[in-house]
Amino acid sequence: MKVLMVDVDGVLVHGRPGDGLHYCTYLERDLGLKREVLQEEFFRRDHWGDVVTGRDNLEPRLASVLERIAPGLSASTLIDYWFENDSRLDQALLGDLAALRAKGIPMYLATNQEHRRAAYLMEKLDLSSYFDGIFYSAMLGYQKPAPEFFRLATERVGIDADEIAFIDDYPANIEAARQFGWKAMHWTPTSTLNDALAAFSQ
């Protein structure tokens, strides 16, 4: 292993900062929008697919949906609420990753994100202090588990696929990474970095 790729949501980031609950847990109470409606009208239709692969920008596409489902709610207000309430970092894992990076292993985020949240992760949550860079779906034009995601990330990092290790909480992403030649481990709530390193060495 010469490079470690790390997924974000479900691995490094786990919901609300205070309690780890899903960021939409109190969405209806706080902003008057039902979680199920947002999921159905924005995240489960063509809108999110265009945004997360960089074909459209988040705020105007979300604003067009909110005009129908929550006319009094601005896209910027919802985006701020989402980012702030989906930002609980796994500090123990970050510490372990920092120790490994200090030994000379470059690390990158490999994640399905649109442009604004990718910037938020790196800048506001300061993940740029822990990682050498980020490969994300809106940047690459493809989202995991598409093989093109792994191909482009491999090309940009500039090493052979079998020298890249990867942790992700979504089994389909693990399978796709392995098919491309990456070493990959399915991350679960009880996983540790030592578990991953042992799996990569097999």
Side-chain angles (χ1 to χ4, degrees), residues 5-91 94 108-131 133-146 148-150 152-153 168-173 176 187 189:
M5 300 278 190
V6 181
D7 179 43
V8 173
D9 297 299
V11 176
L12 277 175
V13 174
H14 301 271
R16 290 158 45 94
D19 52 26
L21 295 175
H22 191 278
Y23 77 93
C24 284
T25 300
Y26 299 111
L27 179 64
E28 185 174 9
R29 180 196 70 185
D30 296 339
L31 297 182
L33 176 60
K34 291 184 177 181
R35 172 179 176 176
E36 297 79 9
V37 173
L38 178 63
Q39 290 292 326
E40 180 62 32
E41 296 297 326
F42 184 69
F43 287 104
R44 292 181 186 166
R45 298 201 175 188
D46 293 339
H47 301 295
W48 180 240
D50 285 343
V51 169
V52 80
T53 53
R55 294 190 295 270
D56 199 0
N57 292 318
L58 173 62
E59 187 163 350
R61 184 61 75 95
L62 181 58
S64 69
V65 174
L66 291 177
E67 286 177 2
R68 292 188 293 101
I69 65 173
L73 178 60
S74 72
S76 61
T77 296
L78 179 55
I79 290 167
D80 289 345
Y81 181 90
W82 167 16
F83 290 5
E84 291 167 8
N85 285 284
D86 201 10
S87 61
R88 185 186 194 196
L89 294 170
D90 186 331
Q91 296 294 343
L94 280 176
Y108 295 85
L109 297 175
T111 177
N112 288 337
Q113 304 290 339
E114 53 76 43
H115 296 297
R116 282 182 58 164
R117 188 158 184 258
Y120 184 91
L121 292 167
M122 296 300 278
E123 298 165 13
K124 183 70 173 180
L125 296 189
D126 197 32
L127 291 181
S128 61
S129 296
Y130 293 87
F131 292 88
I134 180 172
F135 300 109
Y136 65 97
S137 54
M139 167 205 290
L140 300 178
Y142 298 93
Q143 60 180 317
K144 299 176 293 183
E148 291 86 355
F149 181 100
F150 302 98
L152 291 167
D168 194 294
D169 65 317
Y170 192 50
N173 296 339
W187 191 265

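Computation of the quantities below employed the complete heavy-atom set of this structure, encompassing side-chain atoms and omitting hydrogens, waters and symmetry-equivalent molecules.
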Q) Is there a salt bridge (charged side-chain N to carboxylate O under 4.0 Å, His left out) between R116 and E59 once you walk through the steps? A) CA-CA 9 Å; R116 282 182 58 164; E59 187 163 350; 2.5 Å; yes
(Q) Within the 4.5 Å heavy-atom criterion, are L12 and T111 side-chain neighbours or not? (A) no
Q.
Checking side-chain polar atoms at under 3.5 Å, does D126 have a donor or acceptor matched by the opposite partner on S129?
A. yes
Q: Could you grab the distance from atom CG of D169 to atom CH2 of W187, nearest 0.5 Å is fine?
A: 10.5 Å
Q: Answer yes or no: is there a side-chain heavy-atom contact under 4.5 Å between Y136 and Q143?
A: no
Q) Under 4.0 Å between a Lys/Arg side-chain N and an Asp/Glu carboxylate O for D19 and R88? A) no
Q: Could you tell me whether the side chains of H47 and R61 share a donor-acceptor contact shorter than 3.5 Å?
A: yes
Q. Can you check whether L21's main-chain N or O pairs, donor with acceptor, with T25's side chain at less than 3.5 Å?
A. no
**Q.** Spatial distance of atom CD (E41) from atom NZ (K34) [nearest 0.5 Å]
**A.** 12.5 Å
Q.
Nearest 0.5 angstrom please: C24 SG to Q39 CD, how far?
A. 6.0 Å
Q. Hey, are the side chains of N173 and D7 touching, using non-hydrogen atoms and a 4.5 Å cut-off?
A. no
Q: Please test L94 against L89 for side-chain contact (heavy atoms from CB on, under 4.5 Å), starting from the C-alpha separation and ending with a verdict.
A: CA-CA 8 Å; L94 280 176; L89 294 170; 4.0 Å; yes
(Q) To the closest 0.5 Å, what do you measure between OG (S128) and CG (L125)? (A) 10.0 Å
Q: Would you please say whether a donor-acceptor pair under 3.5 Å links the side chains of D30 and Y81?
A: yes
(Q) For the aromatic rings, using the six-membered ring if either is Trp, is the centroid distance between Y108 and F135 under 6.0 Å? (A) yes
Q. Taking side chain as C-beta onward, heavy atoms only, is L78 less than 4.5 Å from F42?
A. no
Q | Aromatic ring proximity, centroids under 6.0 angstrom, F43 and W82 | A | yes
Q.
Would you say that more than 12 heavy atoms from the other residues, nucleotides or ligands in this model lie under 6.0 Å from the CG of D90, or not?
A. yes
Q. Which atoms form the tightest heavy-atom contact between L73 and T77, and what is the distance?
A. CD1-CG2, 3.9 Å
Q. Measuring from S137:OG to Y142:OH, what's the distance to the nearest 0.5 Å?
A. 12.5 Å
Q. In terms of side-chain geometry, is the basic nitrogen of D86 or R16 positioned less than 4.0 Å from the acidic oxygen of its partner?
A. no
Q. Which atom pair, heavy atoms only, marks the closest approach of E114 to A138?
A. CA-CB, 3.8 Å
Q.
Measuring from atom CG of N85 to atom OH of Y26, what distance do you get when rounded to the nearest 0.5 angstrom?
A. 11.0 Å
Q. Below 4.5 Å, heavy atoms only, C-beta onward: do F131 and L121 meet side chain to side chain?
A. no
Q: Without swapping roles, check the side chain of K144 against the backbone of A176 for a donor-acceptor pair under 3.5 Å.
A: no
Q: Indicate yes or no: does E28 engage R35 in a salt bridge with an N to O separation below 4.0 Å.
A: no
(Q) Is the shortest side-chain heavy-atom distance between E40 and I69 below 4.5 Å? (A) no
Q) So, is the end of the R117 side chain (NZ or CZ) under 6.0 Å from the ring centre of Y120 and within 45° of the ring's axis? A) no
(Q) My understanding is that only one of L58, L62, V65 makes a side-chain contact (heavy atoms from CB on, under 4.5 Å) with W48; could you say which? (A) L58
Q: Verify whether one side chain among Q113 and D9 offers a donor that lies under 3.5 Å from an acceptor in the other.
A: yes
